[in-house]
Engineer: 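Dropping the structure in here first, questions after.
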Amino acid sequence: MAACLVLGLGLVGGAVTGSWLVGDSQAAGDRDSFVAARGLWHSIPVDQLFPPSVKGQGAGPGGADRTWTRIAVAPDSGCKDAFDPLLRKALSPVGCQRLVRATYTDATQTYVTTVGLLFTKADATAMATLAKRFTDEGLDRRTDLMPRPYGPGFASDQRASWTVSVLTDAPVVVYAVSGWADGRTVDEPQSAEEAMETGATTAPAQAGLGHEAKGLADRVERSLRRHVGPYATEQAS
């Protein structure tokens, strides 16, 4: 009986130790992926971060498909003049390591959308804190905290809808801002989340500009995520 008891305790102890080791390994992998993602802006070709053409199956109003064509790519840069002052202040706790942006138009060339990836200097805790603040305070819906567009013919007073997403599993803020391609100005822009709500009747909502911003930002974010795991593995090896 004593021998069985010792053997049993040994097996239980081994199992617990094994689970701890697996947990530690998983946590280390997550940390490696998080850190590795910080360098993707200069290690991944621009055509992979911002493909020349992006398919948005079901991304339009009513589940309509969308196709976006890239018309401009900004040189990688800092964050100066990329955001309205209050948004720049809100993002300042995570810092700005590098900003990459591209502008797209839809298949009918009716709309233009700038999508950006802000690579921050923050750790996972700081990113989680910022994400919580954006959610709790509704910072992603305030018209005085908007990202600015990039490219000729797309000025700040043309902004109609936008989205800002603070990632918690990578040191990246993903955003997009959309407007009409004909240069018309917009007096009352509306966040993508509000413009996409059922029954929304504003001009940005009726035109589907919330879907343009949110749909394109989501596709670029998905593309970024596909590179995080493989890149972390390569760096570790």
Engineer: State yes or no: do Val166 and Met146 share one hydrophobic cluster built from I, L, V, M, F, W and Y residues joined by side-chain heavy-atom distances below 4.5 Å, directly or via other members?
Structural biologist: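 In one cluster with Val166: Met146, yes.
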
Engineer: Linking I/L/V/M/F/W/Y whenever any side-chain heavy atoms sit under 4.5 Å apart, do Leu209 and Val220 land together?
Structural biologist: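 Shared cluster, no.
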
Engineer: For Thr201 and Ala205, which heavy atoms make the closest approach, and how far apart are they?
Structural biologist: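 Looking at all heavy atoms of both residues, the closest pair is N-CB, 4.4 Å.
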
Engineer: Do we see a donor-acceptor contact under 3.5 Å between the side chains of Thr103 and Thr114?
Structural biologist: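 A donor-acceptor contact under 3.5 Å links the two side chains.
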
Engineer: Minimum heavy-atom separation for Ala90 and Leu130, please, with both atom names.
Structural biologist: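 Heavy atoms only, the tightest pair is O-CD1, 3.3 Å.
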
Engineer: Would you name the heavy atoms of Tyr111 and Ala207 that are closest together and state the gap between them?
Structural biologist: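 Looks like OH-O, 2.9 Å.
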
Engineer: Could you go step by step and tell me if Arg225 and Asp169 meet the salt bridge (charged side-chain N to carboxylate O under 4.0 Å, His left out) rule?
Structural biologist: CA-CA 9 Å; Arg225 289 181 184 280; Asp169 56 350; 2.3 Å; yes

Engineer: Pairing donors with acceptors under 3.5 angstrom, does anything connect the side chains of Trp68 and Glu212?
Structural biologist: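 Side-chain D/A pair, Trp68 to Glu212: present.
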
Engineer: Show every donor-acceptor pair shorter than 3.5 Å between a side-chain atom in residues 92-101 and any protein atom, with sequence neighbours excluded, or say none if there are none.
Structural biologist:
residue	atom	partner	partner atom	Å
Ser92	OG	Lys89	O	2.6
Gln97	NE2	Arg38	O	3.2
Arg98	NE	Asp76	OD1	3.1
Arg98	NH2	Asp76	OD1	3.0

Engineer: Transitively linked via ILVMFWY side-chain contacts under 4.5 Å: Leu40 with Val73?
Structural biologist: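 Linked within one cluster.
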
Engineer: Can you list the steps and then say if Tyr104 with Val54 is a side-chain contact (heavy atoms from CB on, under 4.5 Å)?
Structural biologist: CA-CA 9 Å; Tyr104 289 78; Val54 177; 3.7 Å; yes

Engineer: Between atom CZ of Phe154 and atom CH2 of Trp180, what is the distance when rounded to the nearest 0.5 Å?
Structural biologist: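 So the CZ of Phe154 and the CH2 of Trp180 are separated by 10.5 Å.
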
Engineer: I'd like to check Pro171 versus Phe119 (side-chain heavy atoms, cut-off strictly below 4.5 Å). Are they in contact?
Structural biologist: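 Contact flag for Pro171/Phe119 side chains = no.
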
Engineer: Can any side-chain N or O of Thr185 pair as donor or acceptor with the backbone N or O of Asp157 at less than 3.5 Å?
Structural biologist: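 A pair under 3.5 Å: no.
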
Engineer: Could you grab the distance from atom CZ of Arg66 to atom CD of Gln57, nearest 0.5 Å is fine?
Structural biologist: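 Answer rounded to 0.5 Å: 13.5 Å.
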
Engineer: Are the side chains of Thr113 and Val177 in touch, meaning some heavy atoms are under 4.5 Å apart?
Structural biologist: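 A side-chain contact under 4.5 Å is absent here.
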
Engineer: Going through the distances and angles, do Val172 and Leu118 end up as a side-chain contact (heavy atoms from CB on, under 4.5 Å)?
Structural biologist: CA-CA 5 Å; Val172 181; Leu118 163 59; 5.9 Å; no

Engineer: Tell me the closest heavy-atom pair linking Leu87 and Pro147, and the distance in Å.
Structural biologist: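 Looking at all heavy atoms of both residues, the shortest contact is CD2-N, 3.5 Å.
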
Engineer: I need the Met196 CE to Thr163 OG1 distance, nearest 0.5 Å.
Structural biologist: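 Answer rounded to 0.5 Å: 8.5 Å.
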
Engineer: Using a 3.5 Å distance criterion without hydrogens, assess whether the side chain of Ser161 forms a donor-acceptor pair with backbone atoms of Ala192.
Structural biologist: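 Looks like yes, one N/O pair under 3.5 Å.
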
Engineer: Indicate whether the side chain of Thr125 and that of Asp123 have a donor and an acceptor atom separated by less than 3.5 Å.
Structural biologist: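 Side chains of Thr125 and Asp123: no pair found under 3.5 Å.
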
Engineer: What pairs with Gln158 under side chain to side chain donor-acceptor pair (under 3.5 Å), at least two apart in sequence or on another chain?
Structural biologist: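 Once residues adjacent in sequence are excluded, Gln158 has no partner under the side chain to side chain donor-acceptor pair (under 3.5 Å) criterion.
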
Engineer: Testing the basics here: between Ser178 and Ala213, what is the closest heavy-atom pair and its distance to 0.1 Å?
Structural biologist: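 Smallest interatomic distance, heavy atoms only, reads OG-CB, 3.9 Å.
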
Engineer: Is the backbone N or O of Gly58 less than 3.5 Å from a side-chain atom of Asp65, with the two atoms forming a donor-acceptor pair by type?
Structural biologist: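 Confirmed, Asp65 side chain pairs with Gly58 backbone.
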
Engineer: Measuring from Leu91:CG to Thr120:OG1, what's the distance to the nearest 0.5 Å?
Structural biologist: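 So the CG of Leu91 and the OG1 of Thr120 are separated by 9.5 Å.
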
Engineer: Measure centre to centre between the rings of Tyr175 and Phe83, then say whether the value is under 6.0 Å.
Structural biologist: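 Yes, ring centres under 6.0 Å apart.
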
Engineer: Between Leu86 and Arg142, what is the shortest heavy-atom contact and its length?
Structural biologist: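 Result for this residue pair: CD1-NH2, 3.9 Å.
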
Engineer: How long is the span from the OG1 atom in Thr129 to the CE atom in Met127, to the nearest 0.5 Å?
Structural biologist: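 Here the interatomic distance stands at 10.0 Å.
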
Engineer: Take Asp84 and Arg159 through the salt bridge (charged side-chain N to carboxylate O under 4.0 Å, His left out) test and state the conclusion after the steps.
Structural biologist: CA-CA 12 Å; Asp84 282 352; Arg159 294 175 294 181; 3.2 Å; yes

Engineer: Are Leu224 and Leu49 packed together at the side-chain level, in the sense that at least one heavy-atom pair is separated by less than 4.5 angstrom?
Structural biologist: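 Yes - at least one pair of side-chain heavy atoms lies under 4.5 Å apart.
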
Engineer: Suppose we screen for side chain to side chain donor-acceptor pair (under 3.5 Å). Which residues come up paired with Glu137, at least two apart in sequence or across chains?
Structural biologist: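 Counting only residues at least two positions away or on another chain, Glu137 forms a side chain to side chain donor-acceptor pair (under 3.5 Å) with Arg133.
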
Engineer: Tell me whether Asp47 is salt-bridged to Arg70, with the criterion being a basic N under 4.0 Å from an acidic carboxylate O.
Structural biologist: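 Arg70 and Asp47: salt-bridged.
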
Engineer: Could you walk me through whether Glu197 and Lys214 pass the salt bridge (charged side-chain N to carboxylate O under 4.0 Å, His left out) check?
Structural biologist: CA-CA 12 Å; Glu197 290 178 355; Lys214 184 65 174 175; over 6 Å; no

Engineer: Show the numbers, then the answer: is there a side-chain contact (heavy atoms from CB on, under 4.5 Å) between Trp41 and Leu117?
Structural biologist: CA-CA 8 Å; Trp41 66 270; Leu117 297 171; over 6 Å; no

Engineer: Would you say that Trp162 contacts Pro149 through its side chain, given a criterion of any heavy-atom pair below 4.5 Å between the two side chains?
Structural biologist: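 Contact flag for Trp162/Pro149 side chains = no.
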
Engineer: What is the distance from atom OG of Ser223 to atom CD1 of Ile44, rounded to the nearest 0.5 Å?
Structural biologist: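 Here the rounded value is 8.5 Å.
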
